[in-house]
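Heavy-atom basis, side chains included; hydrogens, waters and symmetry copies ignored.
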There are 2 protein chains.
Amino acid sequence: MFSKSCEYAIKAMIFVAQKSDNETRIGVKEIAKGTDAPEHFIAKIMQDLSRRKLIHSVKGPNGGFYMDKQDLMSSIADVVRAIDGDKIYSDCVLGLKACSEKNPCPVHHEYKEVKKNLIKMIEKNTIGEFKEKLDSGKYFLKNN
Amino acid sequence: MFSKSCEYAIKAMIFVAQKSDNETRIGVKEIAKGTDAPEHFIAKIMQDLSRRKLIHSVKGPNGGFYMDKQDLMSSIADVVRAIDGDKIYSDCVLGLKACSEKNPCPVHHEYKEVKKNLIKMIEKNTIGEFKEKLDSGKYFLKNN
DNA sequence: AATAGAGATGTTTTCAAAATCCTGTGAATA
DNA sequence: TATTCACAGGATTTTGAAAACATCTCTATT
Ligand code: FES
Ligand code: FES
């Protein structure tokens with residue numbers, strides 16, 4: 001579905017959303033722990049997210065990552081597009097070069113419904129909303 | 001979504017369904033051409049499908065693969081389970097060890113709907129039905 | 001029985017994703 | 001302005017799926 005990088009990215013976004021604000025920045029180490037991701041790997045992903053303006057970063061002492069009000073409005077889809085590109089939108093489920101109405105694979109019409117739902121799911125909900133969920137304590141970003 | 005092997009497997013099943021019956025068996029080379037799959041790779045996949053009893057095979061001269069009436073009743077889900085196991089059913093979209101109600105990731109409830117649709121899609125339709133579709137000429141197993 | 005066709009099985013190679021390592025750069029603080 | 005903290009970014013290594021290769025086994029045909 002999503003690449004490993006993308007899974008980490010989504011979790012990191014939700015994690016930072018929950019733990020930080022403009023005042024308290026959060027470091028790579030803490031993100032890695034909080035999301036069960038390899039530290040160096042998540043560091044690289046955070047860079048990508050930062051370059052894509054999905055999250056803010058501050059260098060130096062007391063630096064780290066944080067999200068402002070607008071960052072919280074990003075959707076999962078924004079994160080997915082930043083990391084995995086638009087392959088969720090364009091890939092054929094049976095591996096044809098592109099998913100299209102003109103050259104549909106046998107499962108295309110059945111898959112179309114699934115895809116529509118999937119896209120709705122990742123576009124509808126914002127990171128901010130998931131942060132709220134996490135606050136309730138009923139959801140988890142890692143095992144244990 | 002599905003592994004490359006699984007994509008090939010589904011395409012091969014539909015292809016053989018269309019091209020063969022108990023009399024005419026179809027060889028690995030033809031399957032590879034018809035599905036745009038690497039010959040040696042698809043050969044291995046066909047073995048798996050055969051071992052899992054999803055398709056029949058005959059060795060020796062005039063041998064090859066074919067499907068009987070019952071084989072045509074297999075669902076895409078049967079093929080997916082044979083090749084990819086049950087990870088479609090058990091994987092968490094954010095990479096937690098397992099997707100569960102007890103330890104749900106923040107996207108779990110939203111994803112549940114998507115997953116339900118996906119499973120319905122692969123369980124509802126039989127290979128035989130996709131063969132019919134292909135016969136109509138409006139669907140394709142490969143590009144060009 | 002010998003031959004050749006065709007799948008079955010096992011091993012090796014290739015390649016891209018994932019993970020790691022290392023050096024660079026900006027910012028805060030003393 | 002020197003130092004140190006923490007992100008930025010390139011280069012490299014590791015890993016596992018995908019693909020290719022080689023060999024074995026079975027069977028129809030002669
Ligand atoms: S063409 Fe295969 S899913 Fe659309
Ligand atoms: S727990 Fe993540 S999808 Fe169910």
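- Per the geometry, CZ belonging to A:Arg51 stands 7 Å off P belonging to D:dG10, to the nearest Å.
- DNA chain C is contacted by both A:Gly60 and B:His40; B:His40 maps to the nucleotide lying nearer its 5′ end (nearest heavy atom per residue).
- What separates NE2 of A:His56 from P of C:dA27 is a distance of 14 Å, to the nearest Å.
- Distance NZ (B:Lys29) to P (D:dC21): 14 Å, rounded to an integer number of Å.
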Requested in this report: Go through B:Asp48 and B:Arg51 one step at a time and tell me if the side chain to side chain contact (heavy atoms under 4.5 Å, CB included) criterion holds.
Outcome: CA-CA 5 Å; B:Asp48 284 346; B:Arg51 201 167 331 117; 3.3 Å; yes

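- Results of the side-chain hydrogen bond (donor to acceptor under 3.5 Å, both in side chains) test with B:Lys133 over A:His108, A:His109, A:Glu110 single out A:Glu110 as the only residue that passes.
- Applying the 4.0 Å criterion to OP1 and OP2 of C:dA8, one finds that B:Ser57 has a side-chain N or O inside that range.
- Residue A:Lys44 places a side-chain atom within donor-acceptor reach of the base of D:dG10, judged by atom type and a 3.5 Å distance cut-off alone.
- In this entry the distance linking OH of A:Tyr66 with P of D:dA6 reads 16 Å, nearest Å.
- Side-chain atoms of B:Pro61 lie closest to D:dT27 of the nucleotides C:dA18, D:dT27, D:dA19.
- Here A:Arg25 lies out of heavy-atom contact (under 4.0 Å) with every strand.
- Atom P of nucleotide C:dA17 and atom CZ of A:Phe2 are separated by 17 Å, given to the nearest angstrom.
- A straight line from CD of B:Glu39 to P of D:dA19 spans 14 Å, rounded to a whole angstrom.
- The CD atom of B:Glu7 sits 9 Å away from the P atom of D:dA18 (whole-angstrom rounding).
- B:Ile10 and B:Leu141 fall within a single hydrophobic cluster, where Ile, Leu, Val, Met, Phe, Trp and Tyr side chains are chained together by heavy-atom contacts under 4.5 Å.
- Side-chain nitrogen and oxygen atoms of B:Tyr8 include at least one within less than 4.0 Å of the OP1 or OP2 phosphate oxygen of D:dA19.
- For the OP1/OP2 pair of D:dA8 and a distance below 4.0 Å, the side-chain nitrogens and oxygens of A:Ser50 include at least one atom meeting the criterion.
- Once rounded to the nearest 0.5 Å, the distance linking OG of B:Ser3 with CE of B:Met1 reads 12.0 Å.
- In this structure, the CG atom of A:Asn62 is 14 Å from the C1' atom of D:dC7, given to the nearest Å.
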Requested in this report: Take B:Glu7 and A:Cys92 through the side chain to side chain contact (heavy atoms under 4.5 Å, CB included) test and state the conclusion after the steps.
Outcome: CA-CA 10 Å; B:Glu7 289 177 8; A:Cys92 163; over 6 Å; no

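- Comparing atom distances between the B:Lys59 side chain and each of C:dA18, C:dG24, D:dC26 picks out D:dC26 as nearest.
- Within the 4.0 angstrom heavy-atom criterion, only backbone atoms of the sugar-phosphate kind lie near B:Ile26; the bases stay farther away.
- Between B:Ser5 and the phosphate of D:dA18, there is a side-chain N or O to OP1/OP2 separation shorter than 4.0 Å.
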